[in-house]
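Working notes, structure below.
Within every chain, numbering begins at 1; the chains are lettered A, B, ... in the order of the sequence lines, protein sequences first and strands thereafter. Since the structure is predicted, the reported quantities are computational estimates derived from the model, not experimental observations. Atom set for the values below is all heavy atoms of this structure, side chains included, hydrogens, waters and symmetry mates excluded.
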Number of protein chains: 2
Amino acid sequence: MRDKQRDSTREKIVEAALSAMTETGFDAVSTRAIAQRAEVSQGLLTYHFATKDALWRAAADRLFALQDEAVGDAMQAVGPDAPPEQRREVLRRLVRFNAEHPEFFRFLMLQGPEDDERRTWLIETHLMPVYTWFSNMMGNLPPQDIPHAFYAFGGASSVIFSAQAKCSGLTGIDPKAEATIQRHADYLTNLMVPE
Amino acid sequence: MRDKQRDSTREKIVEAALSAMTETGFDAVSTRAIAQRAEVSQGLLTYHFATKDALWRAAADRLFALQDEAVGDAMQAVGPDAPPEQRREVLRRLVRFNAEHPEFFRFLMLQGPEDDERRTWLIETHLMPVYTWFSNMMGNLPPQDIPHAFYAFGGASSVIFSAQAKCSGLTGIDPKAEATIQRHADYLTNLMVPE
DNA sequence: AAATACACTAGTCAGTTGACAAGTGAAAGC
DNA sequence: GCTTTCACTTGTCAACTGACTAGTGTATTT
């Protein structure tokens, strides 16, 4: 009973931290602002997460857990010899994940070059597995193209959703609309894995 | 004589502000940190630029002036009926610009949804013209594909360079290397405008 | 029913923030 | 040569930062 309460509070805090941090970045967000979003006292943050840094890591863990849940199994199942349609399906799911979680890409981009330790931790703990799966899935490409495909697809599939407010103001289309997501997925899939 | 000094100082400050702000974001950077980079006193920032916000705008102006210098003329020259090779050349130059100025894309991404006024100013003043040129250049595509092409190419051509430190740590390739830039330009150009 | 455990709050700390006020000194104008 | 201009520095301000300490109240254990 008390444990359940504890977990739900921690979750509420991580959720608030994640959304706050992906709006303005780690350093720009105060623990008090996060606490206010989570509707708890500021002291409670340092109670559950010793430092702001630890809270950042908890937010990262949550983010990659979400990604794994959404595309992990599909991505691992598709190897270099898989039929193109399977690959296309995984790419479509990745686009959809980025549309539903624009904070994922923002979190990665906002983590700048300034903090070596956080960056290294992020690469080793979370980024490397994803890159390995992607490499395996796209193993049909020439090996030297893999990093380019990874970053090209990563950027191409995310920016339109992660720069949401700018996108609708600029192009008039609504990046949250189902039709937009669908069209973006189709557009990219056709580029990367032609039928 | 004094005017020249004034201009070079202002430039030094804008330069420092730009590099600092694109590392950690607007709110996370202190005016004192910027002043230190520019090797001037903190008070001088408020002397030349009344507020931190004004300094941000000056940084944006400089960034888009750089872009215009690098690709503006080429982009405006290529219309919907231009031969593919011309379009390919502009895309290659855009990739190169993003490689040489990874701070450009970072600046755009770090500007989150939090500040309406800055975002609107950025769209109307700088983003809209670029989007219009791009639309015109890619006028051979179905109109409804234009926003998707814009964001897909924008993201695909930038992230590998703007996430520099993460990229070399993750993939082992050096995004600053000439060969990498060339390869990325070729890879993307072939995707977007097949020969 | 008394004792314990612990999720949680309030208050406090030194250090940092953006902006401003007052002063300095060297170049430009007369 | 005297005055004015102005790029620039120093010092100061209230407001805010992350982390810590000392508590409080309620559920669980004995």
Exercise for review: Output yes when at least one side-chain N/O atom of B/Thr9 is less than 4.0 Å from OP1 or OP2 of D/dC8, else no.
Suggested key: yes
Do the charged groups of [X] and [Y] touch, with an N to O distance under 4.0 Å?
| X | Y | answer |
| --- | --- | --- |
| B/Glu85 | B/Arg88 | yes |
| A/Asp116 | A/Arg119 | yes |
| A/Glu89 | A/Arg92 | yes |

*Which of residues 15-37 of chain B have a heavy atom under 4.0 Å from DNA chain C?*
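Going residue by residue through residues 15-37 of chain B, the ones with a heavy atom under 4.0 Å of DNA chain C turn out to be B/Val29, B/Ser30, B/Thr31, B/Arg32.
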To the nearest angstrom, how far is [X] atom [atom1] from [N] atom [atom2]?
| X | N | atom1 | atom2 | result |
| --- | --- | --- | --- | --- |
| B/Trp56 | C/dG18 | CH2 | C1' | 18 Å |
| A/Lys52 | D/dA19 | NZ | P | 8 Å |
| A/Phe49 | D/dC20 | CZ | C1' | 18 Å |
| A/Ile13 | C/dA7 | CD1 | C1' | 10 Å |
| A/Leu44 | D/dG25 | CG | P | 17 Å |
| B/Arg6 | D/dC8 | CZ | P | 9 Å |
| A/Arg10 | C/dC6 | CZ | C1' | 14 Å |
| A/Leu45 | D/dA19 | CG | P | 10 Å |

> Restricting to pairs with a member in residues 43-55 of chain A, which pass salt bridge (charged side-chain N to carboxylate O under 4.0 Å, His left out), not counting sequence neighbours?
Replying inline: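 Applying salt bridge (charged side-chain N to carboxylate O under 4.0 Å, His left out) to every pair that reaches into residues 43-55 of chain A, excluding sequence neighbours, yields A/Asp53-A/Arg57, A/Asp53-A/Arg118.
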- Task: Kindly state each residue pair satisfying salt bridge (charged side-chain N to carboxylate O under 4.0 Å, His left out) with at least one member in residues 22-45 of chain A, sequence neighbours excluded.
- Result: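 As it turns out, the salt bridge (charged side-chain N to carboxylate O under 4.0 Å, His left out) pairs with a partner in residues 22-45 of chain A, which skip direct neighbours, are A/Glu23-A/Arg37.
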For the aromatic rings, using the six-membered ring if either is Trp, is the centroid distance between B/Phe150 and B/Trp133 under 6.0 Å?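 For B/Phe150 and B/Trp133, the ring centres are not under 6.0 Å apart.
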Picking from D/dA7, C/dA7, C/dA19, the nucleotide nearest the side-chain atoms of B/Tyr47 would be D/dA7
What's the closest nucleotide to the A/His48 side chain, out of D/dT10, D/dA7, C/dC8?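 For the A/His48 side chain, the nearest candidate turns out to be C/dC8.
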message: Tell me if the side-chain of A/Gln42 makes a donor-acceptor pair with the base of C/dA10, cut-off 3.5 Å, by modelled atom types.
response: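 No such pair is found, so the answer is no.
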### Task
May I ask you to check if B/Arg106 and B/Phe161 form a cation-pi contact, with NZ or CZ under 6.0 angstrom from the six-membered ring centre and within 45° of the axis?
no
